[in-house]
Amino acid sequence: MSDVLVQSPVEKKPLLGKKERKLITDPLSDNNPVTIQVLGICSALAVTTQMKPTMVMALSVTAVVALSNLVISLMRNAIPPRIRIIVQLTVVSVLVILVDQILKAYMYDISKQLSVFVGLIITNCIVMGRLEAYAMGNKPFPSLLDGLGNGFGYGAVILTVAFFRELLGSGKLFGFKVIPDALYEAGYVNNGLMMIPAGALFVVACYIWVQRSFAKHLEEKE
Amino acid sequence: MSTLFLAADLVSVFVRSVFIDNMIFAYFLGMCSYLAVSKNVKTALGLGVAVVFVLTITVPLNWLLLNKVLKEGALAWISPSLAKVDLSFLAFIMFIATIASMTQLVEMLVEKLSPELYGALGIFLPLIAVNCSILGGSLFMQERDYEFAEATVFGLGSGVGWMIAIVAIAAIRMRLRYSNVPAPLRGLGITFIITGLMGIAFMSFLGITL
């Protein structure tokens with residue numbers, strides 16, 4: 001009985017303690033990979049014309065970031081620092097090849113729609129950035145959580161962008177019409193700007209604007 | 001006659017890749033370094049030249065790799081028994097390996113030839129390896145089934161297009177320092193908006209038939 005009482009709190013640490021929860025929630029707001037760390041913009045903008053491919057993209061990136069973080073963290077003491085980028089790229093490309101083959105096998109249409117952007121997950125700066133900044137110096141479990149958190153943070157931004165682009169650009173969500181026909185008859189028109197590449201940039205700019213007006217400490221000083 | 005036709009085709013690929021299918025404005029590739037290194041025209045130009053160089057080398061190299069080694073039946077030149085081997089699922093990993101080694105080469109060259117530029121580019125030179133526009137160039141080459149000459153010109157053109165974009169935004173951002181931008185938009189936000197406006201300007205090239 002008594003030795004249960006004197007057990008140190010370290011050993012009884014819950015699976016998801018305060019620190020671990022922070023690893024997941026931080027990238028959603030104050031340390032968002034897209035809007036604050038400015039990583040992974042490339043694919044964030046290109047795939048966001050519709051919700052469905054965006055969702056698939058968000059899940060693929062989350063899987064790749066989390067798993068590559070885990071693998072690199074397990075290998076971190078065996079990687080010679082001089083060639084670490086090549087090792088990281090190899091691990092990431094193997095994971096991306098797996099994702100690409102799975103998408104081609106089960107979701108061929110969406111995989112065609114995403115075209116080169118699945119392959120471009122390899123060079124998505126979020127993946128490399130997290131490997132360099134976190135997985136190379138931390139234990140496997142926190143690295144996995146960090147990867148999941150950053151994947152979710154990325155997903156949150158691209159899903160928001162896709163929501164506005166699809167809603168305003170084609171009046172649909174996930175391919176279903178949401179804006180009633182009556183509105184179109186009354187003279188409402190879809191906003192073509194949202195469908196062109198430039199539209200994505202404006203939506204992200206607005207996202208950053210709103211986020212930074214609420215969180216003043218994130219503003220840049222020039 | 002046919003050489004003339006070929007030349008016209010190459011010019012059209014070049015113009016398309018520089019203006020119409022611009023890496024930044026149409027596909028947002030290479031945005032990370034585009035946003036991070038565009039505070040100063042001189043550094044932006046240096047990175048732009050490095051990207052042009054790496055793209056012009058890697059796209060044709062990867063074309064050779066794809067068409068002589070990886071594609072279904074591409075290995076038939078070694079022995080007929082290999083004619084059915086399809087290694088194209090290995091494309092990603094082979095492309096990135098070529099790119100990483102080429103980047104290493106460029107880094108060594110720049111360090112030797114221009115230590116000043118090397119200092120200015122700093123961390124971004126090795127990061128060209130993970131610049132999306134480089135891998136993107138090779139993947140578009142694969143998707144669009146270019147011929148060898150077309151692939152080379154496409155690599156060059158995409159690089160030049162990327163360089164134009166980053167030099168232009170760097171020049172605008174230098175001027176922007178003197179204007180009164182709303183505080184939450186400063187830095188990242190306003191750069192996105194300007195890039196969007198430039199993208200709309202580049203869309204006017206869409207009407208050109210080649």
Side-chain angles (χ1 to χ4, degrees), chain A residues 35-47 83 85-86 88-90 92-94 96-98 100-101 104 115-129 193 196-216 218-222, chain B residues 22-36 39 89-97 99-101 103-104 126-127 129-136 138-140 142-143 176-177 181-203:
Chain A
T35 59
I36 309 297
Q37 302 173 40
V38 206
L39 300 172
I41 313 275
C42 327
S43 53
L45 302 173
V47 299
I83 58 158
I85 296 211
I86 307 267
Q88 290 165 357
L89 280 177
T90 316
V92 176
S93 16
V94 169
V96 171
I97 289 176
L98 285 177
D100 183 48
Q101 299 288 324
K104 273 190 185 141
S115 76
V116 300
F117 291 100
V118 181
L120 284 173
I121 298 178
I122 300 175
T123 51
N124 191 317
C125 324
I126 297 179
V127 181
M128 293 299 285
L193 175 69
I196 62 171
L201 290 161
F202 295 140
V203 178
V204 175
C206 293
Y207 189 105
I208 293 171
W209 193 351
V210 171
Q211 188 185 18
R212 292 191 181 177
S213 343
F214 282 111
K216 291 279 181 209
L218 296 174
E219 281 171 14
E220 280 175 53
K221 288 160 201 79
E222 280 198 50
Chain B
N22 186 291
M23 279 285 178
I24 293 276
F25 300 128
Y27 296 106
F28 315 107
L29 297 181
M31 283 298 264
C32 306
S33 29
Y34 168 84
L35 292 170
K39 288 184 180 130
F89 68 93
L90 284 178
F92 292 163
I93 205 163
M94 297 308 286
F95 285 177
I96 202 74
I99 289 167
S101 41
T103 318
Q104 197 77 45
L127 280 185
V130 286
N131 185 324
C132 319
S133 61
I134 311 281
L135 183 64
S138 292
L139 292 175
F140 278 126
Q142 181 188 18
E143 198 183 71
L176 211 60
R177 263 178 232 157
V181 180
L185 264 182
R186 257 173 224 162
L188 192 56
I190 195 74
T191 313
F192 272 111
I193 292 182
I194 293 169
T195 311
L197 292 174
M198 285 161 78
I200 292 178
F202 265 66
M203 277 186 72

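Lettering of chains follows the sequences in order, A, B, ..., and the numbering in each one begins at 1.
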Bottom line for Tyr207(A): the part with an atom under 4.5 Å from chain B's heavy atoms is neither
So which part of Phe202(B) gets closer than 4.5 Å to some heavy atom of chain A, the side chain, the backbone, both or neither? neither
Most contacts with chain B, counted as non-hydrogen pairs under 4.5 angstrom, among Val210(A), Val94(A), Ile208(A): Ile208(A)
Which answer fits Ile194(B), side chain, backbone, both or neither, if we ask what part of it has an atom under 4.5 Å from a heavy atom of chain A? neither
Tell me, please, which residues at least two apart from Tyr27(B) pass ring pair (Phe, Tyr, Trp, His ring centres under 6.0 Å). Phe140(B)
Are Val118(A) and Lys104(A) packed together at the side-chain level, in the sense that at least one heavy-atom pair is separated by less than 4.5 angstrom? no
Evaluate the side-chain proximity of Met128(A) to Leu89(A): yes if any heavy-atom separation is below 4.5 Å, no if none is. yes
If you tally heavy-atom pairs under 4.5 Å between each of Leu29(B), Ile134(B), Leu90(B), Thr191(B) and chain A, the highest tally belongs to Leu29(B)
I need the residue from Ala200(A), Gly119(A), Cys206(A) with the largest number of non-hydrogen atom pairs under 4.5 Å to chain B. Gly119(A)
Smallest separation among heavy atoms of Ile86(A) and Ala100(B), with atom names: CD1-CB, 3.7 Å
Would you say the side chain of Leu139(B) lies within less than 4.5 Å of the side chain of Glu143(B), judging by non-hydrogen atoms? no
Residue from Ile97(A), Leu201(A), Val96(A) scoring the most non-hydrogen pairs under 4.5 Å with chain B is Leu201(A)
Side chains of Ser133(B) and Tyr34(B): any donor to acceptor distance under 3.5 Å? no
